[in-house]
Amino acid sequence: MAVARSHDLRLCHAILRDTELINGEPELRTHREWDAAPVVEVAAVPAVPALFDWDGGIVTPGIPHGVDDALAEFARQRAAIDSSAEAGRLRLLCAAESAGALIAVELRAAGLPWDVEEHERLLVEQLGARPLAGGRPERMTQLADDIRDALGDPKANPDSPPQLLRSLHRVGLAVESTSRWELRELEHPVIEPLLTYKKLARLYSANGWAWLAEWVHDRRFRPVYVPAGVVTGRWASSGGGALQIPRMLRRAVRADPGWLFVTADVAQLEPRVLAAMAGDLALADAARGGDLYAGIVDAGAVGTRAEAKVALLGAMYGATTGDSGRLLPGLRRAYPRAMRLVDDAARTGERGGVVHTWLGRTAPPPGGRWHAVRAAAAEPDASRADVDRARRQAADRGRFTRNFVVQGTAAEWALAWLGDLRARLAAFPPVPESEPAAEASGVRFARVPHLAFFLHDELIVHTPAASAPKVAAAVQDAADAAARLLFGTFPLDFRLDVKIGETAEKE
DNA sequence: TGATTGTGCGCG
DNA sequence: AAAGCGCGCACAATCA
């Protein structure tokens, strides 16, 4: 039995409590019990939790569970939305947020199909034999020896940045840190084994045998998704590092026998969202060919695709120097509306003002310390340091609000995409008894196409092989529907890169 | 000793 | 190439 619609009282409370699109609403603000963050007792959650099995161990202390409390809060939230001049947007935002919350639970229940043997093969191939007790894997041990030899320092320790830095200085390498980008520029016999060591050390500690044992059970990776865990509305994750599955490991993501993956990611989501928000027809036009960056080059705003990318990222992140800063005037000439939108958001933030996303999620206002720093700089006897500090924090906040409006609206688009797709997938017929089922995905999903992973602008659907082409079409249809839902008839398409395969490899 | 902070690297 | 957004995680160093 699948839930068709939901309203997440806690997440919507947070949106409505903070939104700029409603003024006042003291009723909502006085009910602070809805502000409590959920505490999910992960350890108590069974490997394949049933969706609404409240014996399953998901505990959310601090939130009233009584039906009367819930209904009262629901009524407050509806009244708040209805009284807003932007009721349509807020209604949409709450619906999208709630659908996302439901999907986050379902994603964890279904899990991402994981090929443990392939993962282990990969570890042995890269790291060498698994250490028996506490030591480093074979290849890392060899590389550590090579590093010590090259440095002529039998005590050199590649795991400790400060120690390593001293060792590097002793052989005359004038670096300020031990980070990869700085080391890469140097010519010295230690560099190659050291960079290799760092790469392997990362794999070993982040996604090695210990990770596998902790996070992959029953051939499924089940991360904990945290909807709206980021201030912009993006999801965060807690445990398992779901936001950082390294590209290398993607071939360990393998569909069940008789099943396939449909993987899809949106090409240049944030620039497209910016074009739509700003109503910038020229930028929308650049996006029409599918490759937005190529479109910017064709329009003559910059010289190369690489420049287009760096310039646009710089515009959304608030770059001022370097290549990106140098390219901004060209962008400003070609796309004045889009640039004005992000520049305005930055100026508002610098002044201490508040900005909001397309659907009304509002950035947190600056805190007391921020105002104190600004006030100190405005005093007649303010020191040079006071003034510099205030200027720096204003610029920092400007970059944050500049990015907030775009990143946050992109997150809203992605929620609409997910929610629409969920409904489309629910309409697929279950596979017949004679066909293989995805048992590990749980009873809800074992026989139907289902979402298996989501990350900002990318999703993976696990589907019976026969349904894969129709699922791929549904994924694109959902993207089109999301675009219409947020931006109506604005002429901009959201191009997806859709792939059907047994693994989730990108290239 | 245990909690906090900093570094480095992975992801979008 | 390493500025310019948002994260999580592991590990070492540092502080209490």
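Numbered from 1 within each chain, the chains take letters A, B, ... in sequence-line order.
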Taking CZ from A/R184 and C1' from C/dA1, how many angstroms apart are they, rounded to a whole number? 8 Å
Assign A/F400 to base, sugar-phosphate, or nothing according to its heavy-atom contacts below 4.0 angstrom with the strands shown. sugar-phosphate
Which part of the nucleic acid, if any, lies within contact of A/A206, taking any heavy atom under 4.0 Å across all strands shown: a base, the sugar-phosphate backbone alone, or nothing? nothing
What's A/R180 touching, base or sugar-phosphate or nothing? Going by heavy atoms closer than 4.0 Å. sugar-phosphate
Classify A/G240 by what it touches in the nucleic acid, base, sugar-phosphate, or nothing, heavy-atom distance under 4.0 Å. sugar-phosphate
So, A/H217 versus A/W114, ring centres under 6.0 angstrom or not? no
Any strand, both distances under 3.5 Å, Watson-Crick or G-U wobble: C/dG6 pairs with B/dC11
In whole Å, what is the span from the CZ atom of A/F221 to the C1' atom of C/dG8? 11 Å
Could you tell me the separation between the CZ atom of A/R250 and the P atom of B/dC11, rounded to a whole number of Å? 9 Å
Donor-acceptor pair under 3.5 Å: do we get one between A/R399's side chain and the base of C/dC5? no
Does a side-chain N or O from A/R234 land closer than 4.0 Å to OP1 or OP2 of C/dC5, or not? no
The side chain of A/Y317 lies closest to which of these nucleotides: C/dG4, B/dT7, C/dG6? C/dG4
Taking atom C1' in both C/dG4 and B/dG12, compute the distance separating them and give it to the nearest angstrom. 15 Å
Taking only side-chain N and O atoms of A/T321, does any of them lie within less than 4.0 angstrom of OP1 or OP2 on C/dA3? no
Examine C/dA10: is either OP1 or OP2 under 4.0 Å from a nitrogen or oxygen in the side chain of A/Q244? Give yes or no. no
Respond yes when some side-chain nitrogen or oxygen of A/T320 is under 4.0 Å from OP1 or OP2 of C/dA3, and no when none is. no
Taking only the side-chain nitrogens and oxygens of A/S179, find out if one of them lies under 4.0 Å from OP1 or OP2 of B/dT7. no
What is the distance from CG of A/D265 to C1' of B/dG12, rounded to the nearest Å? 10 Å
Measure from CG on A/L164 to P on B/dC9 and round the result to the nearest Å. 11 Å
Within this structure, what is the CE-to-C1' distance between A/M140 and C/dA10, rounded to whole angstrom? 12 Å
Is the closest basic N to carboxylate O distance between A/R361 and A/E97 below 4.0 Å? yes
Can you find a side chain N or O atom of A/K198 that sits less than 4.0 Å from OP1 or OP2 on B/dG8? no
Which part of the nucleic acid, if any, lies within contact of A/S237, taking any heavy atom under 4.0 Å across all strands shown: a base, the sugar-phosphate backbone alone, or nothing? sugar-phosphate
Could you state the atom-to-atom distance from CG of A/L195 to C1' of B/dG8 in whole Å? 13 Å
Is the ring centre of A/F487 less than 6.0 Å from the ring centre of A/W358? yes
Is it true that A/E118 and A/R121 make a salt bridge, defined as a side-chain N closer than 4.0 Å to a carboxylate O? yes
Looking at the rings of A/Y204 and A/W211, which for Trp means the six-membered one, are their centres under 6.0 Å apart? no
